[in-house]
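Below is one structure, written out as structure tokens, with a few remarks after it.
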Amino acid sequence: MSDAPASWSKLTDDLERVLYTREQIQTRVNELGAMIAADYANRSPMVIGILKGAVMFFADLTRAIPASISIDFIATSSYGSNDVTSGVVRILKDLDRPIDDRHVLLVEDIVDSGLTLSYLVRMLRARHPASIRIAALLDKPSRRKTPLQADYIGFSIDDLFVVGYGLDFDQRYRNLPMIGVLKPACYQKLGGEES
Ligand code: IMP
């Protein structure tokens, strides 16, 4: 350990630019929390975080919803490289509790092709929840391969590969407090599984 002041430059040097600062994200997440609290007045939704990418958004969003909620997590993995989703979704960790007759709010980091969420929504609908809605911090509408509309969206972005605030490349950068565009030089075509 050293006494040197903490700096994010080891990670931010890999960014082409910062898209959203920690403060901009916090402001938007608080707005979404207030909207969700108003929409779910008198209901106690089950807020489900999709691991691992949504973990930061989930932690901040749930604390911005001043209402009675319960929480659970589901972990998915899609086959293929990090920047291309194959649409084949594997459940690595299922929900701990049943959701029948519950109002479900799925919390995702980013909607890209839409394949992961449309698979999950289909799977969860078969468990007969009272309703399912989606909150996504980021949306890339131009990348959609299947019709999928989130109910709450933090920011709509162009076709860019972004990291930070939970979003990774090869499991790195998730802990960055801001969201940035990764420099193309940092890309490697990796196979394997991502979530
Ligand atoms: P979809 O099934 O194509 O909508 O993919 C959604 C998942 O792909 C997200 O939950 C992320 O894990 C990953 N993903 C999509 N775009 C990005 C990105 O720009 N940065 C990091 N991960 C991404």
Side-chain angles (χ1 to χ4, degrees), residues 11-12 14-21 24-25 28-29 32 47-61 72-95 104-125 132-195:
L11 295 181
T12 52
D14 290 351
L15 299 182
E16 201 170 78
R17 64 194 159 100
V18 172
L19 262 194
Y20 300 105
T21 64
Q24 287 171 317
I25 296 168
R28 186 64 185 136
V29 170
L32 293 180
V47 186
I48 297 174
I50 304 174
L51 298 173
K52 298 177 232 174
V55 69
M56 311 298 177
F57 179 42
F58 181 91
D60 287 340
L61 182 67
D72 205 343
F73 295 97
I74 195 164
T76 61
S77 168
S78 64
Y79 295 91
S81 64
N82 196 318
D83 57 344
V84 182
T85 309
S86 65
V88 181
V89 178
R90 200 155 59 104
I91 303 299
L92 300 179
K93 181 221 167 285
D94 207 337
L95 300 173
V104 166
L105 178 63
L106 277 175
V107 177
E108 176 65 304
D109 52 359
I110 186 165
V111 189
D112 188 44
S113 69
L115 293 169
T116 307
L117 271 172
S118 57
Y119 175 91
L120 268 184
V121 167
R122 237 180 304 129
M123 186 191 101
L124 295 178
R125 269 199 213 296
I132 300 187
R133 283 187 185 175
I134 296 166
L137 179 68
L138 299 173
D139 188 20
K140 288 196 231 177
S142 65
R143 297 258 307 171
R144 216 59 107 245
K145 286 190 185 149
T146 186
L148 193 287
Q149 179 63 48
D151 302 275
Y152 306 95
I153 294 167
F155 306 100
S156 196
I157 64 169
D158 292 335
D159 181 6
L160 301 164
F161 193 80
V162 293
V163 293
Y165 197 67
L167 290 146
D168 75 307
F169 177 70
D170 196 23
Q171 298 301 331
R172 296 177 60 214
Y173 308 104
R174 291 195 198 273
N175 57 324
L176 263 180
M178 69 286 280
I179 293 169
V181 181
L182 197 60
K183 281 181 184 160
C186 299
Y187 280 73
Q188 300 159 15
K189 288 288 162 206
L190 291 176
E193 296 177 9
E194 274 309 324
S195 61

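Remember, it's 1-based here, ligands and their atoms both numbered in the order they're listed. Source: prediction; values computed, not measured. FYI, the numbering just counts along the sequence from 1.
Asp72 places no side-chain N or O within 3.5 Å of a backbone atom of Ile48 that could act as its donor or acceptor partner.
The side-chain heavy atoms of Leu106 and Leu124, taken from C-beta on, include a pair separated by under 4.5 Å. In this structure, Asp151 and Leu105 have side chains that are not in contact, with every pair of non-hydrogen atoms separated by 4.5 Å or more. Looking only at side-chain heavy atoms (C-beta outward), Leu61 and Val29 come within less than 4.5 Å of each other.
Within the structure, the closest approach of Val163 to ligand 1 does not fall below 4.0 Å when heavy atoms are considered. A heavy-atom separation below 4.0 Å is found between Lys140 and ligand 1. Residue-ligand proximity: Gly53 is placed with every non-hydrogen atom at 4.0 Å or more from ligand 1.
Between Asp139 and Arg144, at least one side-chain N (NZ, or NE/NH1/NH2) sits under 4.0 Å from a carboxylate O, which counts as a salt bridge.
Considering only non-hydrogen atoms, atom 2 (O) of ligand 1 lies nearest to Thr116 out of Thr116, Leu138, Val111.
The parts of Asp112 lying near ligand 1 are both backbone and side chain, judged by heavy-atom distances below 4.0 Å. Within the 4.0 Å heavy-atom criterion, neither part of Lys145 lies near ligand 1. When non-hydrogen atoms are compared, ligand 1 lies under 4.0 Å from the backbone of Leu160 (N, CA, C, O) but not from its side chain.
Applying the 4.0 Å criterion to heavy atoms of Asp109 picks out, from ligand 1, the atoms 9 (C), 10 (O), 11 (C), 12 (O). Short contacts between ligand 1 and Glu108, defined as distances under 4.0 Å to a heavy atom of the residue, involve ligand atoms 10 (O). Atoms of ligand 1 lying under 4.0 Å from any heavy atom of Gly114, numbered from 1 in the order shown and given with element: 1 (P), 3 (O), 4 (O). Each of the atoms 21 (C) of ligand 1 lies under 4.0 Å from some heavy atom of Asp168.
Only one option out of Ile25, Leu32, Leu167, Ile110 pairs with Phe57 in a side-chain contact (heavy atoms from CB on, under 4.5 Å); it is Leu32.
The N/O atoms of Val162, backbone and side chain alike, include one that comes under 3.5 Å of an N/O atom in ligand 1.
Aromatic ring centroids of Tyr20 and Tyr165 lie 6.0 Å or more apart.
Residue Asn175 qualifies as enclosed at atom CG: its count of foreign heavy atoms under 6.0 Å is above 12.
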